[in-house]
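Working notes, structure below.
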Amino acid sequence: MHTADLYTDKINFQKYLNRNSCIDCGFPSCDAFINAFKRGETQLHACSFIARNNAYAFEAVDTIKELWPEVPLLPHPRPAFSGLIELNQPDEKSLVLISGNNEFTEQVILTVLGTTVCPFYVLFVDTDGNTVDMAILYQTLTAERIRKTLKETDMEKKISHRELIIPGLAVDMQKDIAKLTGWNVRVGPVCAAELPLFLSAIWIPPEA
């Protein structure tokens, strides 16, 4: 079975290190250390500059890649739930994440978010069941659809801020979404598995 590209090769581990290349870990540079880590040749604790939350975020990425479903290369859309999912009892300060309503996309996102007890509001925008990359290509993930979903789910009444996070593949839509919704729009990572690193300051492990 041909599988879809989940963009794991787009995860930029290096940008989450302080990159001082101190060589205390035994490698000549931070890049060499990360490459060795990805090959399973060293452990994160070999770097004395990785904070506890960051270390868990790095580990979570590997866990996610083992746990998330094998996503087939889909010839047709697979519509699933559209609307709001509240995870870990979010409150008025919790983050708002945007994604599409493809069946496998939702499984991937929920697998990623299952590695933390951090609360989130997750808005699955109706993209006619297309994955995010296909939704952008077919223009079924749009600023108007995001605005509509925010309104239908009463997000302005649930939170005290006006900030949302869109997938990295939707970067070209950032200004249009901000203009149409009036919300501050942050661009997240291209690969969903990078979210623990992108949000490492709050990515608390379930056993913490």
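As a basis for the values below, the full set of heavy atoms in this structure was taken, side chains included, without hydrogen atoms, waters or symmetry mates.
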Same apolar cluster: Val112 and Leu67, side chain cutoff 4.5 Å
no
Which distance, rounded to the nearest 0.5 Å, do you find between the OG of Ser82 and the CG of Asn101?
5.5 Å
To the nearest 0.5 angstrom, please state how far the CD1 atom of Ile159 sits from the CG atom of Asp91.
10.5 Å
Kindly say whether Val185 contributes a backbone atom to a donor-acceptor pair with the side chain of Gln174 at under 3.5 angstrom?
yes
Verdict with reasoning, Ile64 to Leu195, per side chain to side chain contact (heavy atoms under 4.5 Å, CB included):
CA-CA 10 Å; Ile64 289 163; Leu195 276 171; over 6 Å; no
Sequence neighbours excluded, the answer for side chain to side chain contact (heavy atoms under 4.5 Å, CB included) partners of Arg78 is Leu74, Asn102, Glu103, Phe104
Are any of the side-chain heavy atoms of Pro206 and Val117 separated by less than 4.5 Å?
yes
Same apolar cluster (I L V M F W Y, side chains within < 4.5 Å links), Phe198/Tyr7:
no
Is the closest side-chain heavy-atom distance between Arg162 and Asn184 below 4.5 Å?
no
Would you check, one step at a time, whether the test side chain to side chain contact (heavy atoms under 4.5 Å, CB included) holds for Thr115 with Trp203?
CA-CA 8 Å; Thr115 64; Trp203 207 268; 3.0 Å; yes
Any Ile177 side-chain heavy atom under 4.5 Å of Ile98 side chain:
no
Counting N and O atoms only, with roles assigned by atom type, does the side chain of Thr111 sit under 3.5 Å from a partner on the main chain of Gln107, one being a donor and the other an acceptor?
yes
Any side-chain heavy-atom pair of Pro90 and Phe120 under 4.5 Å:
no
Side chain proximity check, Val61 to Tyr56, heavy atoms < 4.5 angstrom
no
Under a single-linkage definition using a 4.5 Å side-chain heavy-atom cutoff for Ile, Leu, Val, Met, Phe, Trp and Tyr, are Ile204 and Tyr121 assigned to the same hydrophobic cluster?
no
Does the side chain of Leu87 reach to within under 4.5 Å of the side chain of Leu110, using non-hydrogen atoms?
yes
State yes or no: do Leu150 and Met173 share one hydrophobic cluster built from I, L, V, M, F, W and Y residues joined by side-chain heavy-atom distances below 4.5 Å, directly or via other members?
yes
Mind listing the closest non-hydrogen atom pair of Gly100 and Glu106 along with its distance?
O-CG, 3.8 Å
Start with the C-alpha distance between Leu164 and Leu123, add both sets of side-chain angles, then the distance that settles side chain to side chain contact (heavy atoms under 4.5 Å, CB included), and finish with yes or no.
CA-CA 10 Å; Leu164 53 83; Leu123 290 179; over 6 Å; no
Could you measure the distance from the CG atom of Asp176 to the CZ atom of Arg147? Nearest 0.5 Å is fine.
14.0 Å
How long is the span from the CG atom in Leu84 to the CD atom in Glu152, to the nearest 0.5 Å?
11.5 Å
Does some side-chain heavy atom of Pro189 sit less than 4.5 Å from a side-chain heavy atom of Ile11?
no
Heavy-atom check, side chain of Phe58 versus side chain of Gln43, under 4.5 Å:
no
Can you tell me if Asn88 uses its side chain to pair, donor with acceptor, with the backbone of Cys118 under 3.5 Å?
yes
Run the numbers on Trp183 and Glu163 for side chain to side chain contact (heavy atoms under 4.5 Å, CB included), then give the verdict.
CA-CA 6 Å; Trp183 286 50; Glu163 181 172 276; 5.5 Å; no
Closest heavy-atom contact between Pro196 and Ala57?
O-CB, 3.1 Å
Just do the side-chain hydrogen bond (donor to acceptor under 3.5 Å, both in side chains) check on Glu194 and Tyr16 with the steps written out, would you?
CA-CA 10 Å; Glu194 191 177 326; Tyr16 300 103; 2.5 Å; yes
Hydrophobic clusters here meaning ILVMFWY residues chained together by side-chain heavy-atom distances under 4.5 Å, can you tell me if Leu199 and Val96 are in one?
no
Between the side chain of Ser160 and the main-chain N/O of Glu92, is any donor-acceptor distance below 3.5 Å?
yes
d(Ser99 OG, Ile85 CD1) to nearest 0.5 Å is 10.5 Å
If you look only at distance, which donor and acceptor atoms sit under 3.5 Å apart when one is on a side chain in residues 135-143 and the other is two or more places apart or in another chain?
unit_1 : atom_1 : unit_2 : atom_2 : d
Thr140 : OG1    : Thr127 : O      : 3.0
Thr140 : OG1    : Asn130 : ND2    : 3.2
Thr142 : OG1    : Arg145 : N      : 3.1

Between atom NZ of Lys10 and atom CG of Leu169, what is the distance when rounded to the nearest 0.5 Å?
9.0 Å
Indicate whether the side chain of Thr131 and that of Asp133 have a donor and an acceptor atom separated by less than 3.5 Å.
yes
Closest heavy-atom pair and its distance - Lys158, Thr153
CE-O, 3.0 Å
